[in-house]
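Atoms within a ligand are numbered from 1 in the order they appear, just like the ligands themselves.
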Amino acid sequence: MARPKIALIGAGQIGGTLAHLAAIKELGDVVMFDIAEEGDIARGKALDIAESGPVAGIDVALKGTNDYADIAGADVCIVTAGVARKPGMSRDDLLGINLKVMKSVGEGIAAHAPDSFVICITNPLDAMVWALREFSGLPTEKVCGMAGVLDSARFRHFLAEEFDVSMRDVTAFVLGGHGDTMVPLTRYSTVAGIPLPDLVEMGWTTQDKLDAIVQRTRDGGAEIVGLLKTGSAFYAPATSAIEMAEAYLKDQKRLLPCAAYVDGGYGLNGFYVGVPTIIGAGGVERVVEIKMNKEEQAMFDKSVDAVKGLVEACKGIDGSLS
Ligand code: A3D
């Protein structure tokens, strides 16, 4: 059986890390696409990783390209094309530039890999995944965005540090839009099944410390941008998207939070936002609707409103988007 084919649209910081991870995990052959003018980074990175193959013991092919025809027949496309944040920029500042990029990427995928499972990472995430779906015309269950896995991973990391337990035993839920209004759900976050509010009662932490961790999670992207100064996070975002790609390629039926098309649940009709989903061979096979209390619902609604504002802004910029 032929190896799966993974197309990476954008070969920058995240794209390069995605290629390395996909190769090391032998998820499939990798094609890196980029239009960078200052250097042939797609070919350069693909060759560099391929040359690590004999030492790493990996049998996958890597190719760099600036021709969409090379992504033909891809099983998965992971989109990072666009620009990333610099200090002082919000994710929303990227809207106008990255919307144009989504148009060319959406058309490229529609023409050459219309049967692929598409994972968008480009910011502002929720609006860009919506636009990418519109421009590509692919089925909604085959186009989703990576944000929840990353935001939840950050939350899990901070919680594991606070409790001095293995990160593997910490599960966490972060829903809503990928932005300052994201909704870390403490009631649904646990250490091996023990919910965070119970851990506060048990004296493992205080409510104040937990509130600070929630805020640090919301600011997680900005914290990295502030440290790097020249770009935004890439190791954890790439690792998170690879988890989603693997769930699809291996039909794992993982329950992962991602920016998915919600039509009916959560009081939404045809809208992309971060929700728990089941990812398997069918793409986003199911949106899982969880019960929220009043406070959580209010946070979620606020987050949805923020995403709605960005989608409306996209429509204002590109008249072809309805
Ligand atoms: P960067 O290293 O700048 O890579 C982006 C690449 O896209 C560059 O190599 C560009 O040449 C390329 N590119 C630009 N336009 C096109 C085009 N039309 N077609 C093909 N390639 C193009 O950025 P990065 O890898 O650090 O980040 C990529 C995106 O991910 C940015 O928009 C970030 O804001 C976003 N991001 C999202 C998250 C989420 O959790 C959702 C986290 C971190 C970064």
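Remark: ligand 1 atoms within the under-4.0 Å shell around heavy atoms of Thr80 are 5 (C), 7 (O), 28 (C), 29 (C). Near Ser104, the atoms of ligand 1 lying under 4.0 angstrom from a non-hydrogen atom of the residue are 18 (N). Numbered from 1 in the order shown, with element, the atoms of ligand 1 that lie under 4.0 Å from a heavy atom of Ser232 read 44 (C). Per-residue contacts place Ile41 under 4.0 angstrom from the following atoms of ligand 1 (heavy atoms of the residue considered): 9 (O). Atoms of ligand 1 found under 4.0 Å from any heavy atom of Met146, numbered from 1 in the order shown, are 39 (C), 40 (O), 41 (C). Less than 4.0 angstrom separates some heavy atom of Phe33 from each of these atoms of ligand 1: 19 (N), 20 (C). Contact atoms of ligand 1 toward Val101: 15 (N), 16 (C), 17 (C), 18 (N) (distance under 4.0 Å to a heavy atom of the residue). The atoms of ligand 1 that sit less than 4.0 Å from any heavy atom of Leu94 are 34 (O).
Under 4.0 Å from ligand 1, the heavy atoms of Leu150 that appear belong solely to its side chain. The part of Leu125 lying near ligand 1 is the side chain, judged by heavy-atom distances below 4.0 Å. Contact annotation: for His178 versus ligand 1, heavy atoms closer than 4.0 Å belong to the side chain alone. At a heavy-atom cutoff of 4.0 Å, ligand 1 is contacted by the side chain of Asn98 but not by its backbone.
Residues Gln297 and Asn293 bring no donor and acceptor atom of their side chains to less than 3.5 Å of each other. Judged purely by distance below 3.5 Å, without hydrogens or angles, the side chains of Asp211 and Gln215 never pair a donor atom with an acceptor atom.
Taking a 4.5 Å side-chain heavy-atom cut-off between Ile, Leu, Val, Met, Phe, Trp and Tyr, the cluster of Leu227 contains only that residue.
The environment of Lys63 atom NZ is sparse: at most 12 non-hydrogen atoms of other residues, nucleotides or ligands sit within 6.0 angstrom. Atom NZ of Lys253 has more than 12 heavy atoms from other residues, nucleotides or ligands within 6.0 Å.
Checked by distance only, ligand 1 and Tyr68 stay at 3.5 Å or farther apart across all their nitrogen or oxygen atoms. At least one N or O atom of Ile14, backbone or side chain, sits closer than 3.5 Å to an N or O atom of ligand 1. Considering backbone and side-chain atoms alike, Gly10 places every N or O at 3.5 Å or more from each N or O of ligand 1.
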- Message: Could you walk me through whether Asp318 and Ser320 satisfy the side-chain hydrogen bond (donor to acceptor under 3.5 Å, both in side chains) test, starting with their C-alpha distance in whole Å, then the side-chain angles of each, then the deciding distance to 0.1 Å, before giving a yes or no?
- Response: CA-CA 5 Å; Asp318 187 321; Ser320 72; 2.6 Å; yes
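In this structure, the separation between CZ on Arg154 and CD1 on Ile213 is 15.0 Å, given to the nearest 0.5 Å. Rounding to the nearest 0.5 Å gives a distance of 6.5 Å between OG1 of Thr277 and CE of Met244. Here CG of Leu228 is found 6.5 Å from CZ of Phe234. Values are rounded to the nearest 0.5 Å. Taken from CZ in Arg286 to CD1 in Ile278, the straight-line distance is 4.5 Å, to the nearest 0.5 Å. In this structure, Trp130 CH2 and Lys308 NZ are separated by 13.0 Å, a value rounded to the nearest 0.5 Å. The CD1 atom of Ile6 sits 6.5 Å away from atom CD1 of Ile78, with the distance rounded to the nearest 0.5 Å.
Scanning the protein for heavy atoms near atom 19 (N) of ligand 1, the closest one is Ile35 CG1, 3.7 Å. Taking atom 37 (C) of ligand 1 as the reference point, the nearest protein heavy-atom neighbour is Ile121 O, 2.9 Å. Protein heavy atom nearest atom 3 (O) of ligand 1, with residue, atom name and distance: Gly82 O, 4.1 Å. In terms of protein heavy atoms, atom 32 (O) of ligand 1 is closest to Val83 O, 2.8 Å. Regarding atom 9 (O) of ligand 1, its nearest protein heavy-atom neighbour is Asp34 OD2, 2.7 Å. The closest protein non-hydrogen atom to atom 23 (O) of ligand 1 is Ala84 CB, 3.7 Å. For atom 36 (N) of ligand 1, the nearest protein heavy atom (residue, atom name, distance) is Asn123 ND2, 3.3 Å. Of the protein's non-hydrogen atoms, the one nearest atom 43 (C) of ligand 1 is Ala233 O, 3.5 Å.
Using bins of under 30°, 30° to 60° and over 60° for the plane-to-plane angle, the ring pair Phe173/Tyr188 lands in the perpendicular bin.
For Gly231, the heavy-atom gap to ligand 1 stays at 4.0 angstrom or more.
Scored by the side-chain contact (heavy atoms from CB on, under 4.5 Å) test, Thr140 finds Arg133, Tyr261, Tyr272 as partners (sequence neighbours excluded).
Contact between Met102 and Val79 at its shortest, heavy atoms only, is CE-CG1, 3.9 Å.
Across Ala36, Ala81, Gly12, heavy-atom proximity to atom 21 (N) of ligand 1 is greatest for Ala81.
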